There are 2 protein chains.
Amino acid sequence: MKNHASEMSAVVERPMGERTRVTINDIARIANVSKKTVSRVINNSPLVRDNTRNHVEAVIKQHGFVPDPQARALAFRRSFLICLAYDNPSPQYVVNMQLGILDTLDGSDYQLVLQPVDRNDPDYQGRIQRFVERHRPGGLIMPPSVSEDEYVAEMLQKLGCDYIRIASLDIDEPARMVRTRDAEGAAQAARHLAGLGHERIAHIHGPRSFRSAHERMEGFRRGLAEFDLALPEAMMREAGYTFDTGVQAADNLLAGARRPTAIFAGNDEMAIGVYAAARKAGMQVPEDLSIVGFDDTPMAARMWPQLTTVRLPIREMGREAARSLLRKITGSPLQMSSCFTPDIVVRQSTARPLMSD
Amino acid sequence: MKNHASEMSAVVERPMGERTRVTINDIARIANVSKKTVSRVINNSPLVRDNTRNHVEAVIKQHGFVPDPQARALAFRRSFLICLAYDNPSPQYVVNMQLGILDTLDGSDYQLVLQPVDRNDPDYQGRIQRFVERHRPGGLIMPPSVSEDEYVAEMLQKLGCDYIRIASLDIDEPARMVRTRDAEGAAQAARHLAGLGHERIAHIHGPRSFRSAHERMEGFRRGLAEFDLALPEAMMREAGYTFDTGVQAADNLLAGARRPTAIFAGNDEMAIGVYAAARKAGMQVPEDLSIVGFDDTPMAARMWPQLTTVRLPIREMGREAARSLLRKITGSPLQMSSCFTPDIVVRQSTARPLMSD
DNA sequence: CTGAAAGCGCTTACAG
DNA sequence: CTGAAAGCGCTTACAG
């Protein structure tokens, strides 16, 4: 795949297989300008004559020069790392978010590094702080619930580190936010269930430490209210956004005398737990129990019956978060906020309630 | 969380919130040694007197000095990045692999960066090569099927870049391998099904471009042979390690006149596709059809009935791969190969076949 | 609009 | 075992 002769000679020159690398000095010499001028071209400084720029760019292209990220990082006092700091327990969410960010970063100078954290770890903020102090990343992207931690956001501002928060409510200036309208999505779930004729409707929400749990709960409540339906305490359970906690909460809900005919779970993981609880209780889905989830993870469409859920375009959100962050870093002027409204995806886990009572 | 007075003074000195950072020069001055000696301590050089080392280490600790990764990278001509280059389509596999690697990297000087690739992209090897040339990572970790690409391995050797290949057969020197005995796992699946009394047993295997697909197929065949059972062509289908292709392959298998009574799928994703095909065909699992998967992803235990599958400890494999890589990088002498043998996890998707025929 | 000097915080190569 | 000098490949601060 490579010129054999030149490869041989390179090997002779550098036995470790390290090919001679074109540097800014080579380009400066060849283009007959100072290295500072090459630097200006690399960094898109306006202080370069068009003629000079074109010439330098031609030389750069001809020699396949790519500035060394490590050297730039040292001189800039800032690395070309973008950090995803997350604590979302759903692997689907995480992978899609990563893919979205990588979509945007591909072709840029930045690399994605991962910082999974545990908000129950008392040192979790310290871990983020140390990472930022040591590696001085270009910026951080924080999905819920890390995004909801004001202390972390303030710390990043003090450290002069850019960031984007993905969250279900406005908790920062627009240019630093990717907003999701979770409440509206939950309201759609409520309208769907109420519209089918359900009246005894329950809700399993995520941990109270997640703002999204509140938003979804309140949105769901508002949606029900449009149909003059209430969401009493007896019909609510808190769970941990995981399968196991979803099973437990649903077990509990279905053990009562007046069972709900429909359950809206705060995410798909818990909704899938509701399937398991329903089976244990001898209930058919959707005949005896309608189930709605939130997220539309791939698993939703693989369940039987397929899960009706509220879709949030995670990957596209990741793309947009990275785009916004890159804009902040480069100081681009057009910094508007972006907002994603979820949509309900009706599948087979919801139906009219059986006439009972 | 921090000494208030010192934080204030730092803010006054550096308005951008950039706190003065302790460098190797500060430590050298305070410890009254040359910076080269500090460097030796940092890098665990044996050429330091114990007295000197202890003293320098005390000063380092006292001042919370952490060497700048960017500066070290520039001087070393090698960055403190570990790259995961993967093309595995299962999000569960990817997330668990990442978590395992991060377990090991946590506390080290290295950061994990992601390089998802598409082996159908004609430029995919070029993408890896360019990443390595530009970022000079400490090393790469490659799970299947990227690990099975000899061209990539040779390229990395030429570039002098360390790597670890996770694969189901010995394709490199032991110190560069994390081996999995996929064939043995598949043989266990075969023994389990044959032991239950199945005779018409089918296999949906992954893409032929994955060596693991071959290993699992051959292991399964050998396991059946122990029970004098054959695996005829009519009972084999190729699919893409994804849910959708799994559904298709199973549809096809179940459309024939002599339906299999059991199907072993090459991974869980496809096995879950078999559930869907079985339902479409009006078959009950496990009464009419036994199903076995491979991987034991979290979804396996969430299916109904729960999926019998072959478990590979992905996260532990990730940990071990990162450990081996760090050993290679530091030139540690004890470099043995590690090997993981999968185990069958019997759940509820397998049972004795109904007496028919 | 362009450049020469100094510096980012480390390590390598050499000397002792 | 220890250190002074030069260098890694860029950018900042300053001058013109």
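Just so you know, these numbers come straight off a predicted model, no measurement behind them. By convention in this document, chain letters (A, B, ...) are assigned in the order of the sequence lines, proteins followed by strands, and residues within each chain are numbered from 1.
- Judged by the 6.0 Å distance and 45° axis criteria, A:Arg78 is positioned over the aromatic ring of A:Phe76.
- Within a 6.0 Å radius of CG in B:Asp118, more than 12 heavy atoms belonging to other residues, nucleotides or ligands are found.
- Between A:Arg327 and A:Asp162 there is no salt bridge, since no side-chain nitrogen of the basic residue lies less than 4.0 Å from a carboxylate oxygen of the acidic one.
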- [ ] Starting at the 5' end of DNA chain D, write a dot or bracket for each base, bracketing those in Watson-Crick or G-U wobble pairs whose two distances are under 3.5 Å and using | for partners on another strand.
- [x] |||.||||||||.|||
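- Few gaps surround CZ on A:Arg119; more than 12 heavy atoms of other groups in view lie less than 6.0 Å from it.
- Annotation: side chain of A:Tyr93 is in contact with side chain of A:Pro144 (closest heavy-atom distance under 4.5 Å).
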- [ ] Produce a footprint string for nucleotides 8-16 of chain D: one letter per nucleotide, 5' end first; B if the base is under 4.0 Å from any protein heavy atom, S if only the sugar-phosphate is, - if neither.
- [x] BBBBBB---
Using residues 66-73 of chain A as the side-chain source, report each donor-acceptor pair under 3.5 Å to any protein atom, sequence neighbours left out, with the distance given to one decimal.
from: A:Asp68; atom 1: OD1; to: A:Gln70; atom 2: N; distance (Å): 2.7
from: A:Asp68; atom 1: OD1; to: A:Ala71; atom 2: N; distance (Å): 3.3
from: A:Asp68; atom 1: OD2; to: B:Arg136; atom 2: NH1; distance (Å): 3.3
from: A:Arg72; atom 1: NH1; to: A:Asp109; atom 2: OD2; distance (Å): 3.4
from: A:Arg72; atom 1: NH2; to: A:Asn43; atom 2: OD1; distance (Å): 2.5

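- Between A:Ser34 and C:dT2, a side-chain N or O to OP1/OP2 separation shorter than 4.0 Å is absent.
- In this structure, the salt bridge (charged side-chain N to carboxylate O under 4.0 Å, His left out) partners of B:Arg179, at least two apart in sequence or on a different chain, are B:Asp170.
- Separating the CG atom of A:Asn32 from the C1' atom of C:dA4 is a distance of 15 Å, rounded to the nearest angstrom.
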Extract all donor-acceptor atom pairs below 3.5 Å that involve side chains of residues 46-64 of chain B and protein atoms in other chains or at least two apart in sequence.
from: B:Arg53; atom 1: NH2; to: B:Ser45; atom 2: O; distance (Å): 2.4
from: B:Asn54; atom 1: ND2; to: B:Asp50; atom 2: O; distance (Å): 3.2

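- Looking at A:Glu150 and A:Arg165, a side-chain N of the basic residue comes within less than 4.0 Å of a carboxylate O on the acidic one, giving a salt bridge.
- Taking a 4.0 Å limit (strictly below) on heavy-atom distances, residues 45-53 of chain A reaches DNA chain C at A:Pro46, A:Leu47, A:Val48, A:Arg49, A:Thr52.
- Side chain of A:Ser324 to backbone of A:Glu320: a donor-acceptor contact under 3.5 angstrom is found.
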